[in-house]
Amino acid sequence: MSDPVGKLPSELDQLPDRDTEETAEWAASLDAVAQAAGTRRAEYLLRRTLQHAEAAGLALPKLLETDYVNTIPTAAEPEFPGDEAMEARITAWNRWNAAAMVTRGSKYGVGGHIATFASAAWLYETGFQHFFRGKEADGSGDQLYIQGHASPGIYARAFLDGRISEQQLDNFRQESGGNGLPSYPHPRRLPWLWEFPTVSMGLGPLSAIYQARFNRYLQNRSIKDTANSHVWAFLGDGEMDEPESTAALALASREQLDNLTFVINCNLQRLDGPVRANFRVVQELEAQFRGAGWNVIKSLWGSAWDELFQLDTTGALVRRLREVPDAQFQTYATRDVAYIRQHFFGANADLVQLAGVLSDAKIAECFHSSRGGHEPRKVYAAYKAALEHKGAPTVILAQTVKGYTLGAGFESKNANHQMKKLTIDEFKDMRDLLGLPIPDSAFADGVVPYGHPGANSPEVRYLNERRAALGGPAPARKVKHVALPAPADRSFAPLLKGSGKQEMATTMAFVRLVKDLMRDKETGKRWVPIVPDEARTFGMESLFPSAGIYSPLGQTYEPVDRDQLMYYKEAKDGQILNEGITEAGAMADFIAACTSYATHGEPMIPFYIFYSMFGWQRTADQMWQLADQLGKGFIVGATAGRTTLTGEGLQHADGHSHLIASTNPASLNYDPAFAYEIAVIVKDGLRRMYGEQPEDVFYYLTVYNEPKVQPAMPEGVEEGILRGLYRFNTAADLAEAAPAADAPTVQLMASGTAIHWILEAQKLLAAEWNVAADVWSATSWGELRRDALECDEALLRGEVRTPYVTRALEGATGPVLAVSDWMRQVPDQISQWVEQDYTSLGTDGFGLSDTREGARRHFGVDAQSIVVAALAQLARRGEVPASAVKEARERYGL
């Protein structure tokens, strides 16, 4: 072996060698081993030395991959504490009922998935029997993120413990009758069972990390003792390709979240075929997680492999396992022993010799079914090791066979994700394999029966006793409502009285309001400010020294701005979650905080503030997750609109988030124009979400960075603010140049910053064109539409109700012109319920870099463009001459 010292990596060349003779002796020893025992022996010794160094705590780079074997050797497995035979019978019933439920439902064409749970049954059952703490335990119990496609198995177990009826099983994926089961974990659809929606793949892993992090946040802020809560996330190996699945791995290790365990079901298959056809997904995931600082436990092989590994004195078997790609191993699981002898063991002479002493039955058992994820002892050992590991999160890579126990027609087949049913003969084979006491006569009508050993059977008693010892049923969602007292009125007073002569953007108005609310003695500590970096953009730096930025390590350095009033303060009990540049991470934080009332019995009041363009557009899937999880809180789209961000350009200019938000039934969307509107909306939002009769809704508010004088709140407008529309003023209120009494009239309606354009247009119309314009503030196009839709639905039931927008505009003369800094589709949401002639102006198209004035002229929404549009409406009605429109265009240079 050549001298390795001269080939050291360059970074080591920069370190002084304090004992060159000792270094040379180590190198010579390695050379000697390589020459005497071969390079593979030398490689083995180096790997073992590095593993030993890591275990000893030496600061060396970690091995990113270990051999393709179990992390915990059989000899090191702890004693299994349960009745393995009893738990096998319980798992068999669950397997059967999960498959029966989906198969019975297939006659209605509603679908379902069988193979995922079949592969993961022991991963769940071992946890339910020995690890997962229920809601009745001390603290909050554990949080379980169930893999979405495994839901039939969870329903089957709830059927066994008596929480779900046979009728409900028969209504799987048929919810409209009111007694069905949702396809996947949907808390909004089955709120007593599911806590976390996980089937939008990738969001479960991301949310699990931030849930574990939020548990620590509550602990460090002395709000809830979460020390005994553990987060378990069950994931698929194919799911790990979603970017969100691995987006926060470094956060979990950086903050030492040893209250978190990922269990990745490595059945080597995704929805259409192998996860890594030509590679090894387990090794890839191991490297990814170890590189991110996670503790990795591999549970790959069942006990049948023990004999093979003991016979592998040359390491040939281990080397062969490392080189066989996943797709080939999937093929081994479906082929006969002769094929395996030829194509696996025939790779070299050492393997041929090893196979020579193995029976066909042993080879078949190893390659067809014996996986670490299918043996409770090995799963138990992995889970126990995960809980005992401190200082880092753990990922368990458990290898399984997709479709395990469903028969040769299912196991390891590429198409098994889309296969929805078994034949009667396949069910009989499955019954015999699982040893279930279901007679042939039970299939007489051609329908597969459900199976249950009886409410007083040993299996059900054992199951219930184990769950009682662990704190009650799981999964389960339990809400003990805790109403929060309304904050003192003094917090809202400054916004209600206006800003006088001082200009203030509505973004700053919102931040100022929350800053005052965070001082409230009763509820101030429950506010959770969340921002994905750029807090200074939104004027939040004043919160840094007073509230502190959350860091589990506190502040281990002296901040560069420590001598300034608003210095960057991190604290272990900090209140602000400043997430860095990750909208997805901030949104996951928001979801955890929004649902703390259910998860921990501690209602929190989160507000998540962000560049409006980077909210709904980027993370709308998580907004649906939030709605499904019944979250409550304030989402704030700052620097809103398509024309208020001077100079930023196309990818920063949001003119459509309200349109996206309008698709979410749980989102109450407001575009306030004035500071006092924000105060009224937030105050009522606190009542609706956290009061005596809480609603399962959240708020989306858009605020602007354009400083304007904020008026005091007029009398009697509170209802209009909350319902979505009120008259701000009339033409008669103009102090100067009021139009003549018989002047033609137009109704100008606007939301957000556009209110200022129509106020200017109102003056121009009066002074230059003798047109009277009333100004309306449309605080929520979405709420107006929601109310109108409810009226339409009531009509179908024989109830006659008039939409609020129709009633509000009743008697208003002239046409309506709606203007906003959004696409015209946003205000057009209400057009069909406006009885007057209706048209709109908006910012359709791509944004662009310019001044505010230039951008507004480009989109045709500035005051002069509004005047021309208003005159055009009146001209069509014959109330002003057509020449006035042409004259106005020329006068304003349009």
With a 4.5 Å cut-off on side-chain heavy atoms, are Thr639 and Val703 touching? no
Please check if the side chain of Thr806 supplies one atom and the backbone of Thr802 the other of a donor-acceptor pair under 3.5 Å. no
Answer yes or no: is there a donor N or O on one side and an acceptor on the other, between the side chain of Thr643 and the main chain of Ala855, under 3.5 Å? no
Assess Lys632 against Tyr597: is NZ or CZ under 6.0 Å from the centre of the six-membered ring, and within 45 degrees of the ring's axis? yes
Test ring-ring contact (aromatic ring centres under 6.0 Å, His included) on Phe607 and Phe510 and set out the steps. CA-CA 10 Å; Phe607 78 90; Phe510 178 83; 5.4 Å; yes
Just wondering, do Leu894 and Ser865 contact through their side chains at under 4.5 Å, heavy atoms? yes
Is the shortest side-chain heavy-atom distance between Val636 and Phe610 below 4.5 Å? no
Arg189 and Asp628 ion-paired at < 4.0 Å: no
Ion pair check, Arg526 and Glu602, cut-off under 4.0 Å: yes
Pair up each side-chain donor or acceptor in residues 739-751 with any protein partner under 3.5 Å, not counting sequence neighbours, and list the distances.
residue : atom : partner : partner atom : Å
Gln747  : OE1  : Trp776  : NE1          : 2.7
Gln747  : NE2  : Thr813  : O            : 2.8
Ser751  : OG   : Asp671  : OD2          : 2.6
Ser751  : OG   : Trp781  : NE1          : 3.0

Show, in sequence, the C-alpha distance, side-chain angles and deciding distance for Asp733 and Phe728, and conclude whether the side-chain contact (heavy atoms from CB on, under 4.5 Å) test is met. CA-CA 10 Å; Asp733 296 325; Phe728 177 72; over 6 Å; no
Given side-chain hydrogen bond (donor to acceptor under 3.5 Å, both in side chains), test Tyr892 with Glu768 step by step and report yes or no. CA-CA 12 Å; Tyr892 300 134; Glu768 300 184 12; 2.7 Å; yes
Can you tell me how far apart CZ (Arg891) and CG (Leu764) are? Round to the nearest 0.5 Å. 9.5 Å
Above 12 or not: heavy atoms from other molecules or residues under 6.0 Å from CZ of Arg688? yes
Cation-pi geometry met for Arg618 and Phe614 (6.0 Å, 45°): yes
Please determine whether side-chain hydrogen bond (donor to acceptor under 3.5 Å, both in side chains) holds for the pair Tyr726 and Glu677, giving the CA-CA distance in whole Å, both sets of side-chain angles, and the decisive distance to 0.1 Å. CA-CA 11 Å; Tyr726 68 95; Glu677 294 177 352; 2.5 Å; yes
So, Glu783 and Arg786, do they make that salt bridge, N to O below 4.0 Å? yes
Hey, mind stepping through Asp828 and Ser840 against side-chain hydrogen bond (donor to acceptor under 3.5 Å, both in side chains) and telling me if it holds? CA-CA 7 Å; Asp828 285 352; Ser840 63; 2.8 Å; yes
Residues in ring pair (Phe, Tyr, Trp, His ring centres under 6.0 Å) with Phe698, at least two apart? none
Between Asp792 and Leu796, is any pair of side-chain heavy atoms under 4.5 Å apart? no
Flag, side chain of Glu648 to backbone of Ser849, donor-acceptor distance under 3.5 Å: no
In the structure I gave you, are the side-chain heavy atoms of Leu577 and Val528 within less than 4.5 Å of one another anywhere? yes
Between Asp516 and Arg490, does a salt bridge (Lys or Arg N to Asp or Glu O under 4.0 Å) hold up when you go through it step by step? CA-CA 9 Å; Asp516 288 341; Arg490 62 175 176 271; over 6 Å; no
Can you check side-chain contact (heavy atoms from CB on, under 4.5 Å) on Arg807 and Arg723, steps first, answer last? CA-CA 12 Å; Arg807 288 188 282 113; Arg723 299 293 294 271; 3.6 Å; yes
Distance in Å, Leu701 CG paired with Tyr670 OH, rounded so as to fall on 0.5 Å steps: 8.5 Å
Checking Ile866 against Val861 for the side-chain contact (heavy atoms from CB on, under 4.5 Å) test, could you report, in this order, the C-alpha distance in whole Å, the side-chain angles of both residues, the deciding distance, and whether it holds? CA-CA 6 Å; Ile866 294 168; Val861 292; 5.5 Å; no
Of all the heavy-atom pairs spanning Asp520 and Glu522, show the shortest one and how long it is. OD2-N, 3.0 Å
Can you tell me if Gln836 uses its side chain to pair, donor with acceptor, with the backbone of Leu809 under 3.5 Å? yes
Counting distance only, does the side-chain N/O of Arg801 pair as donor-acceptor with the main-chain N or O of Glu793 below 3.5 Å? no
Do Pro529 and Gln575 touch side chain to side chain, with heavy atoms closer than 4.5 Å? yes
Any chance you could lay out the side-chain contact (heavy atoms from CB on, under 4.5 Å) test for Glu534 and Met540, step after step, and finish with the verdict? CA-CA 9 Å; Glu534 283 209 279; Met540 291 176 61; over 6 Å; no
Got a sec: does the CD of Gln651 have more than 12 other heavy atoms crowding it under 6.0 Å? no
What's the separation between atom CD in Glu583 and atom CD1 in Ile530, rounded to the nearest 0.5 Å? 13.0 Å
Please verify the inter-ring angle class for Phe634 with Trp527; under 30° counts as parallel, over 60° as perpendicular, anything in between as tilted. parallel
Salt-bridge present (Asp696, Arg188; N to O < 4.0 Å): no
With under 30° as parallel and over 60° as perpendicular, where do the rings of Phe674 and Tyr676 fit, or are they tilted in between? parallel
Quick one: does any side-chain atom of Ser667 pair with a main-chain N or O of Asn664 as donor and acceptor, under 3.5 Å? no
Check whether the side chains of Asp621 and Ser200 place a donor and an acceptor atom closer than 3.5 Å, and report yes or no. yes
Is the distance from the ring center of Tyr804 to that of Trp833 below 6.0 Å? no
Quick check against the 3.5 Å criterion: does Thr851 have a side-chain atom that pairs as donor or acceptor with the backbone of Gly854? yes
Do the side chain of Ser499 and the main chain of Gln502 share a donor and acceptor less than 3.5 angstrom apart? yes
Does a side-chain heavy-atom distance below 4.5 Å link Thr702 with Trp822? yes
Does the side chain of Gln629 reach to within under 4.5 Å of the side chain of Ile591, using non-hydrogen atoms? yes
Would a distance-only check, ignoring hydrogens and angles, find a side-chain to backbone donor-acceptor pair under 3.5 Å from Arg824 to Gly842? no
Quick check against the 3.5 Å criterion: does Asn669 have a side-chain atom that pairs as donor or acceptor with the backbone of Gly782? no
Show every salt bridge (charged side-chain N to carboxylate O under 4.0 Å, His left out) that has at least one partner inside residues 830-847, sequence neighbours left out. Asp837-Arg877
Of the options Arg856, Arg852, Arg857, which is the one that meets Asp862 in a salt bridge (Lys or Arg N to Asp or Glu O under 4.0 Å)? Arg857
To the nearest 0.5 Å, how far apart are CG in Leu784 and OG1 in Thr779? 7.0 Å
Could you go through the salt bridge (Lys or Arg N to Asp or Glu O under 4.0 Å) check for Asp774 and Arg727 one step at a time? CA-CA 7 Å; Asp774 293 350; Arg727 186 164 9 215; 3.0 Å; yes
